[in-house]
Amino acid sequence: MDFSGIPSLVTLSTERVIYKGLKMYLVESKGGAILCMLLALLFLGTWPAVMTLLERRGRLPQHTYLDYSITNLLAAVIIALTFGEIGSKVPNFFTQLAQDNWPSVLFAMAGGVVLSIGNLSTQYAWAFVGLSVTEVLTSSITVVIGTTMNYFLDDKINKAEILFPGVGCFLIAVCLASAVHTSNAADNKEKLNSLSSDIAGTEAMGVSKFKETTTKDVGATDLENVSGSVEKAKFGTAGFLIELENRRAIKVFGKNTFIGLAISFFAGLCFSLFSPAFNLATNDQWHTLKEGVPRLSVYTAFFYFSVSCFVIAIILNITFLYYPVLNLPRSSLRAYLRDWDGRGWALLAGILCGFGNGLQFMGGQAAGYAAADAVQALPLVSTFWGIVLFGEYRRSSRRTYALLISMLFMFIVAVAVLMASSGHRK
């Protein structure tokens, strides 16, 4: 039997033995890298929908994010102990834990810090400006800043003549997304005003008085009065919008939409930095490691990345339990531990995000992190879930539908162009 190219027994300087036939699973082909990016796109576009679902059901975001953080770290541990433990080309996971590679470790952990803060921010932005718009805004900033940084860090291995037109397509889609949000907000306001007029002279809806029901003027008392009348409201109706506000954890009626846009912009800045930081951790472009110290493998870097992400998430969310933001109710660790409603979904969201990030980094190591940023087209997936699960854009105007279709089409073009720009790391 021919075992050429596969070491039957290799002993590294650390006297670690690799058994016959085992070889580190490294993504080395362009096709494999694209497959990783597509799977990452699916996972990273789905977990925000799961988190949004829980918030809309009334679960406190602090509780949800604490659960999510646990399985997000677990995903990194699983990846490190499997793919990272069967290597022969580079030192394995446990070997690298003992090496003097702290400059790269710090880059990886810095990436985890900014990602954790960005993810934490978006769960509040989803409530204010919606799942689709939040993802579009954060992804656009990530592409413009993060992809450009990765292109130069990767020594321009991606095809610039393809890569930057792809970035341009993404920006066009962002403009279309902003138009979608504006048009849909106008549609919702018209629905609420229409309901206000209908209710003013009738008792049929079970409302004694309904003061101009707009996103600026609806108060908590008004919502309580109409809650019984909209229990079975259909997606896209004014009744559904009011029912949702009654049920959800983060109340948004009467609050300035600028809050959500500002949070989204801040999250986008955080997201634009985590991928370049991870790139530096695994490729050492700035030559911070001592001579002879091997670079961090993707799996080891991802472990450190996820540990810092977990620590920041725990610190911030426990703080927010006792000192909540945006007028959320105060909670406690005891209340969190007793809150099992939706915990399974939150744990699933962490798994999806953890493996999604891992797959993105695996693809980026092979094809270039600039091309791997194609997963920032995750609003394609998030918009799909937003329409299917949450009824976003139901019963909207023709103008909104035309803009929505144009946005999705441009996202598809952007993802295809960015993936086509992928190179091959030597």
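Heavy-atom basis, side chains included; hydrogens, waters and symmetry copies ignored.
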Check for me whether the distance between the ring centres of Phe278 and Phe305 falls short of 6.0 Å. yes
Donor-acceptor pair, side chain of Gln62 and main chain of Phe320, under 3.5 angstrom: yes
Taking the basic N atoms (NZ, or NE/NH1/NH2) and the acidic carboxylate oxygens, is any pair closer than 4.0 Å for Asp341 and Arg59? no
Quick one about Thr142 and Ser139 (side-chain donor to acceptor, distance below 3.5 Å, no hydrogens or angles considered), yes or no? no
Less than 6.0 angstrom separating the ring centers of Trp126 and Trp47, yes or no? yes
Under 3.5 Å: donor-acceptor pair, side chain of Asp284, backbone of Arg295: no
Check for a donor-acceptor pair, side chain of Tyr322 on one end and backbone N or O of Leu333 on the other, with a separation under 3.5 Å. yes
Treating Ser382 as the side-chain partner and Gly45 as the backbone partner, does any N or O pair qualify as donor plus acceptor under 3.5 Å? yes
Have Gln96 and Asn101 got a donor and an acceptor in their side chains that come within less than 3.5 Å? no
Yes or no on side chain to side chain donor-acceptor pair (under 3.5 Å) for Ser69 and Asn72, after CA distance, side-chain angles and deciding distance? CA-CA 5 Å; Ser69 300; Asn72 187 57; over 6 Å; no
Under the side chain to side chain contact (heavy atoms under 4.5 Å, CB included) test, which residues partner Leu53, sequence neighbours left out? Arg57, Phe390
Check for me whether Arg395 meets the cation-pi criterion with Phe240, that is, NZ or CZ under 6.0 Å from the six-membered ring centre and within 45 degrees of the ring axis. no
For the side chain of Thr300 and the backbone of Leu296, is there at least one donor-acceptor N/O pair under 3.5 Å apart? no
Is the backbone N or O of Leu347 less than 3.5 Å from a side-chain atom of Thr71, with the two atoms forming a donor-acceptor pair by type? yes
Mind checking whether Tyr68 and Tyr65 have ring centres under 6.0 Å apart? yes
Can you check ring pair (Phe, Tyr, Trp, His ring centres under 6.0 Å) on Phe303 and Phe93, steps first, answer last? CA-CA 9 Å; Phe303 171 76; Phe93 171 63; 5.0 Å; yes
I'd like to know if Glu245 and Lys251 make a salt bridge, using a cut-off of under 4.0 Å between side-chain N and carboxylate O. no
Backbone N/O of Leu337 and side chain of Trp340: donor-acceptor pair under 3.5 Å: yes
Stepwise, does the side chain to side chain donor-acceptor pair (under 3.5 Å) test hold for Tyr336 with Asp67? CA-CA 9 Å; Tyr336 158 68; Asp67 288 334; 2.6 Å; yes
Using modelled atom types and a 3.5 Å cut-off, is there a donor and acceptor pairing between side-chain atoms of Ser183 and backbone atoms of Ala179? no
Spell out, as yes or no, whether a donor-acceptor pair under 3.5 Å connects the side chain of Thr122 to the backbone of Asn119. yes
From the list Thr138, Ile141, Val114, side chain to side chain contact (heavy atoms under 4.5 Å, CB included) partner of Leu269 resolves to Ile141
